[in-house]
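Index from 1, following the sequence.
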Amino acid sequence: MTGGYDSNFEKHSYDDSKEPVDVPRDGYVIPENVIEEHDVDYRYEIQIPASKFLEVCKANQATPVILTSLLASAGIAELYPDFDKPINANIAVDIRDALDAPNTFKNCVRSMPLPFEREFLSMPLAKQAKKQRELLNAQRDRDLCRKMADASLAMFEKLDSLPDYESKQQMMDFFNGMLINTYVISYLGKMVLNENAQYVEKICFYNSGAAGMGITMLSCGNQFCLNFKQSFKSDKYAKAFCAGLKKLGIPYTVSDAIPFITSKDSIIRRKDNTSKDAKR
């Protein structure tokens, strides 16, 4: 065992003898998952009745995020039938409980891949969901989550020791060339609206500037609200996902492409302006 304090600022205790879960992280690369400068991003809003979606989830012993990942990955498999690597849905998983910090506002998520292998093409949906549920649960092991959190903490401590923003940015520059293949899913859960529910039709969350495709989803009132957010305009992935919904008898509505730009924070804006001034 390693020792430490169970807080969000100190090292955590965990069983260091546990081996990481054997899961392929080298996912299939969709053609659009490349790092390139772009000013505008696009998103497709998909609204799904919660009752029907949850009915299909229950029938196949799938959680909402697992069913979403299976449908999205199966759609990619149909678009690229010769895929030569697992189609990875990288799930943003909340690890607050594993850190004994259930109410912290700090960012406590880890990316955990759910690979869609070629063998899935011949499996019934319930068996696919079972495999993905077991794999996700294994990755959410308390000791493994705490071990990963401590690795991040070590990096944060190194950043804190650097004297200025520029040196911190240089240290983190290696992240700029990293891509997460094949795509990312972030599920925020159910929004508790109480008496305000009558005034809210849908809730969407999204950000611009990321390469490739990501899916954000949440439950709002009587529906699930999904956003396919992309660095490109094509609707092929949203259409492939909706085709999967249709096969399962799940109704939906889908928007046209919505172009958007989310603003940068004050530090990044100041840094960009400084760089432009230096070039003049």
* **Close side-chain approach of N88 to L114, heavy-atom, < 4.5 Å** => no

* Any donor and acceptor pair, going by atom type alone, linking the side chain of S111 with main-chain N or O of A92 inside 3.5 Å? -> no

* Could you check if a side-chain atom of E45 sits within less than 4.5 angstrom of a side-chain atom of L226, using non-hydrogen atoms only? => no

* In the single-linkage hydrophobic clustering (I, L, V, M, F, W, Y; side-chain heavy atoms under 4.5 Å), do M123 and I66 co-cluster? -> yes

* Heavy-atom closest pair, residues F116 and A77 -> CE2-CB, 4.0 Å

* Asked: Using the ring of each side chain (for Trp, its six-membered ring), is F224 parallel, tilted or perpendicular to Y187, with breaks at 30° and 60°?
  -> tilted

* Side-chain donor or acceptor of R133 paired with backbone N/O of A62 under 3.5 Å -> no

* Structure fact -> On a heavy-atom basis, the closest approach of I87 and T182 is CA-OG1, 3.6 Å

* **Nearest heavy-atom neighbours spanning D41 and G209** => OD1-N, 3.0 Å

* To do: Is it possible for you to check whether R118 lies under 6.0 Å from the centre of the six-membered ring of F83, through NZ or CZ, and within 45° of that ring's axis?
  => yes

* Which atoms form the tightest heavy-atom contact between Q198 and E195, and what is the distance? -> NE2-O, 3.3 Å

* **Common cluster, M217/F241, ILVMFWY with side-chain heavy-atom separation under 4.5 Å** => yes

* Check whether any side-chain heavy atom of F53 lies under 4.5 Å from a side-chain heavy atom of Q223, and answer yes or no. => no

* Hey, are Y237 and E32 close enough side-chain-wise for a donor-acceptor pair under 3.5 Å? -> yes

* Asked: Would you call E78 and K247 a salt bridge, taking side-chain N to carboxylate O under 4.0 Å as the test?
  -> yes

* Does the side chain of P251 come within less than 4.5 Å of I48's, by heavy atoms? -> no

* Would you kindly confirm whether I261 and Y42 end up in one hydrophobic cluster when ILVMFWY residues are joined by side chain heavy atoms under 4.5 Å apart? => yes

* Asked: Any side-chain heavy-atom pair from Y183 and I215 closer than 4.5 angstrom?
  -> yes

* **Cluster check I46, V56: I/L/V/M/F/W/Y, side chain < 4.5 angstrom** => yes

* **Approximate separation, where rounding is to 0.5 Å, of E117 CD and K85 NZ** => 13.0 Å

* Asked: Just by distance, with hydrogens left out, do N33 and N181 show a side-chain donor and acceptor under 3.5 Å apart?
  -> yes

* **Distance-minimising heavy-atom pair for A126 and N60** => N-OD1, 3.4 Å

* Asked: How long is the gap from NZ on K52 to CD1 on I250, to the nearest 0.5 Å?
  -> 7.0 Å

* Flag side-chain contact, heavy atom, 4.5 Å: T262 against Y206 -> yes

* Asked: So, does D164 use its side chain to make a donor-acceptor pair with the main chain of S167 at under 3.5 Å?
  -> yes

* Would you check if K229 and N207 make a side-chain contact, meaning some heavy-atom pair closer than 4.5 Å? => yes

* Expected output: side-chain S73 to main-chain L70 donor-acceptor under 3.5 Å -> no

* **Residue of the set L193, N227, L188 for which side-chain contact (heavy atoms from CB on, under 4.5 Å) holds with I203** => L193

* Cluster overlap V34 with I180, hydrophobic side-chain contacts below 4.5 Å -> no

* Between S186 and T216, do the side chains contain an N or O donor and an N or O acceptor separated by less than 3.5 Å? -> no

* Asked: Taking Q128 for the side chain and F120 for the main chain, is one N or O donor matched with an acceptor at less than 3.5 Å?
  -> yes

* Asked: Going by heavy atoms in the side chains, are L135 and Q139 under 4.5 Å from each other?
  -> yes

* **Residues E55 and K58 bridged, charged N to O under 4.0 Å** => no

* Salt-bridge test for K168 and E166: reply yes if a basic N is under 4.0 Å from a carboxylate O, no otherwise. => no

